[in-house]
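The next block holds one structure in the form of structure tokens; read it before the comments.
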Number of protein chains: 2
Amino acid sequence: MVTGKKQAKKGGAARKGKKARRKRELRPLDVLEDEGDEDGGCASESTESSAGGGGGGGGGERQREHPFVVTEPGEVARAKKNGLDYLFHLYEQCRVFLLQVQSIAKLGGHKAPTKVTNQVFRYAKKCGASYINKPKMRHYVHCYALHCLDEEASNALRRAYKARGENVGAWRQACYAPLVEIAARHGFDVDAVFAAHPRLAIWYVPTRLRQLCHQARGCGSHAAALPPPPMF
Amino acid sequence: MVTGKKQAKKGGAARKGKKARRKRELRPLDVLEDEGDEDGGCASESTESSAGGGGGGGGGERQREHPFVVTEPGEVARAKKNGLDYLFHLYEQCRVFLLQVQSIAKLGGHKAPTKVTNQVFRYAKKCGASYINKPKMRHYVHCYALHCLDEEASNALRRAYKARGENVGAWRQACYAPLVEIAARHGFDVDAVFAAHPRLAIWYVPTRLRQLCHQARGCGSHAAALPPPPMF
DNA sequence: AGAAGGACCAGTGGTCCGTA
DNA sequence: AGAAGGACCAGTGGTCCGTA
């Protein structure tokens, strides 16, 4: 409480042109630089140069990850695209990174995170997993949640959206409804649903999903077959 | 990471004369002012004017709480002092405040804290419990932990330290050793010990206690009858 | 247009140290 | 001296929005 008195409160507007968002110019191999930092460098440097990464053989310009496309289970995405199996694989990698951070913390007598925190993302970067970042992982958590909680339903949804030629954004939106239904069967307690699943418990419940469960609860006791909400 | 590059790292030195620690001049009844703030004012204004509070009948100057003295279980502290039953009572109050914050959050579809967080302390203040504050509660958590985990041992320690005429600081220090022993019986996993006790699970494990457990584990498998560590 | 992610900001955990 | 607690700060959770 130093700044003011109340201000725009969380998810509101009031962000506009503050502080001139200077972007530091991209330098190749940035990740490898702040070594010798304590806090533990990666335990194995498992660069995991596998799957859909960007970057290609050539030059200096750091490449973004290829965008995701809706793929069926088992299907490999074509050129310049990443599939959804790859997306879910990233969540599994984060889990492994978390486990490593926990082990290291316990060895040193430090407090260990129980969730995938900033510390874990930082650690992942140090291990060379530059393709993992917080905004991306948070963006798709609920998609991963559906995959964990009802793989059948998740697979069906992927096939349907692929067949319809929908883009990733549409598929992502569509993942909410089945989750709300699952939550409904547990008294609309999404937190409990996440907590009960070992691979999901390490992820924060996304705000949007929590909101949808809350508002679905408000609408009486019909266990909601909500058509995918039009726009949010 | 905006400031610099590494700096003094957590509990180190490097705090000295920064930013001229301006103290805002005390105003009486400060707490009652920032009402109408959303985020939920207190649900009951349970001012709890009970126990050892300071302040006295008279004038404007906001009073500090009376300092604690080592008292036996059931003993009421004499003039201008607060006893240890009162101290432990504060922890129970915080728990109730947490439960209220959780209820309110769930009603509103917001995420609910699982621990006594800043939010809970803020809420307690709004409810008129101005005698509750974070530094104090954090300072004595491990004393409360011993009270929860082994009331017999806790009571014995209180009697012993009272008999010896020790001050609160000495008693507080002495609370560490029995806790380390308890942790030792659980593989030195203090986090697990705290997590397993419902009234304790809502408190963060104090750094110092974690350190002591860690270093006790390092010293072989003797389940540590550690004499109270001389100074830290 | 649709999407990936650097960078920002309000509010957190942790505790020092000026105060009484 | 011993102790209570205001206030600070590094690093967090959350996500916007300039970028490609």
Side-chain angles (χ1 to χ4, degrees), chain A residues 1-4 6-24 26 30 39 54 61-69 81-82 111 113 115-122 130-141 166-170 172 204 206-208, chain B residues 1-4 6-24 26 30 39 54 61-69 81-82 111 113 115-122 130-141 166-170 172 204 206-208:
Chain A
M1 295 295 171
V2 174
T3 9
K6 184 79 269 190
Q7 270 152 330
K9 193 72 189 170
K10 238 0 153 343
R15 175 75 74 80
K16 279 298 139 56
K18 285 197 167 180
K19 232 171 196 178
R21 210 165 272 266
R22 72 206 130 69
K23 166 159 297 200
R24 63 170 182 176
L26 314 172
D30 217 343
D39 205 31
E61 283 300 288
R62 175 87 65 66
Q63 217 73 19
R64 292 187 178 194
E65 278 278 277
H66 297 145
F68 290 109
V69 277
K81 296 288 178 185
N82 281 321
K111 74 185 288 190
K115 305 267 191 192
V116 178
T117 60
N118 282 352
Q119 188 189 10
V120 174
F121 288 118
R122 232 182 297 121
S130 60
Y131 45 88
I132 288 178
N133 63 69
K134 182 170 55 163
K136 174 163 65 188
M137 300 315 288
R138 298 274 185 248
H139 194 62
Y140 293 106
V141 183
E166 300 276 10
N167 63 31
V168 199
R172 178 179 170 276
Y204 291 110
T207 305
R208 182 89 268 263
Chain B
M1 294 296 173
V2 174
T3 8
K6 187 78 263 192
Q7 270 152 333
K9 194 70 188 168
K10 242 351 156 347
R15 175 78 73 80
K16 279 298 140 58
K18 284 196 167 181
K19 229 169 195 178
R21 208 165 273 266
R22 73 206 128 71
K23 166 161 299 200
R24 62 171 182 177
L26 312 173
D30 217 342
D39 203 32
E61 283 299 288
R62 176 88 64 66
Q63 218 71 20
R64 292 188 177 192
E65 279 277 278
H66 297 145
F68 291 110
V69 277
K81 296 290 178 182
N82 280 321
K111 73 184 288 189
K115 305 269 189 188
V116 178
T117 60
N118 283 351
Q119 189 189 8
V120 174
F121 288 118
R122 232 183 296 121
S130 60
Y131 46 87
I132 287 177
N133 63 68
K134 182 169 59 162
K136 174 162 65 189
M137 301 314 289
R138 298 274 185 249
H139 194 62
Y140 293 105
V141 183
E166 300 276 9
N167 63 32
V168 199
R172 178 180 170 274
Y204 290 110
T207 305
R208 183 89 267 264

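Residue numbers start from 1 in every chain, and the chains themselves are labelled A, B, ... in the order their sequence lines are given, proteins ahead of strands. The shown structure was predicted, so the numbers you read here are calculated from the model rather than taken from an experiment.
- Remark: D:dG18 base-pairs with no nucleotide in the shown strands. Criterion, Watson-Crick or G-U wobble with two distances under 3.5 Å.
- In this structure, A:Q119 places its CD atom 13 Å from C1' of D:dA10, rounding to the nearest Å.
- For the OP1/OP2 pair of C:dA4 and a distance below 4.0 Å, the side-chain nitrogens and oxygens of A:N133 include no atom meeting the criterion.
- Contact annotation: A:K136 side-chain N/O to C:dA4 OP1/OP2 distance is not under 4.0 Å.
- Atom C1' of nucleotide C:dG5 and atom CE of A:M137 are separated by 13 Å, given to the nearest angstrom.
- Rounded to whole angstrom, the span from the CD atom of A:E65 across to the C1' atom of D:dT19 amounts to 16 Å.
- Put simply, the side chain of B:K111 reaches to within 4.5 Å of the side chain of A:Y204, judged on heavy atoms.
- Contacts of A:P135 with the nucleic acid, taken as non-hydrogen atoms under 4.0 Å apart, include base atoms.
- Between B:R138 and the phosphate of D:dG5, there is no side-chain N or O to OP1/OP2 separation shorter than 4.0 Å.
- One can place CG of A:N82 at 9 Å from P of C:dA4, the figure rounded to the nearest angstrom.
- When the side-chain nitrogen and oxygen atoms of A:R122 are compared with OP1 and OP2 of D:dT12, one or more of them lie within a distance under 4.0 Å.
- An OP1 or OP2 oxygen of D:dT12 is reached within less than 4.0 angstrom by no side-chain nitrogen or oxygen of A:K115.
- As rounded to whole Å, 7 Å separates atom C1' of C:dG13 from atom NZ of A:K111.
- The partner of C:dA4 is absent, by the rule that a Watson-Crick or G-U pair needs both atom distances under 3.5 Å.
- Contact annotation for A:Y140: backbone-only contact, meaning every heavy-atom pair under 4.0 Å involves sugar-phosphate atoms and none involves a base.
- Following rounding to the nearest Å, A:N167 (CG) and C:dA4 (P) show an atom-to-atom distance of 10 Å.
- If you check every strand for non-hydrogen atoms under 4.0 Å, A:N118 touches a base.
- When both distances must be under 3.5 Å, the Watson-Crick or G-U wobble mate of D:dG13 is C:dC9.
- If you measure from atom NZ of B:K134 to atom C1' of C:dT12, you get 7 Å, rounded to the nearest angstrom.
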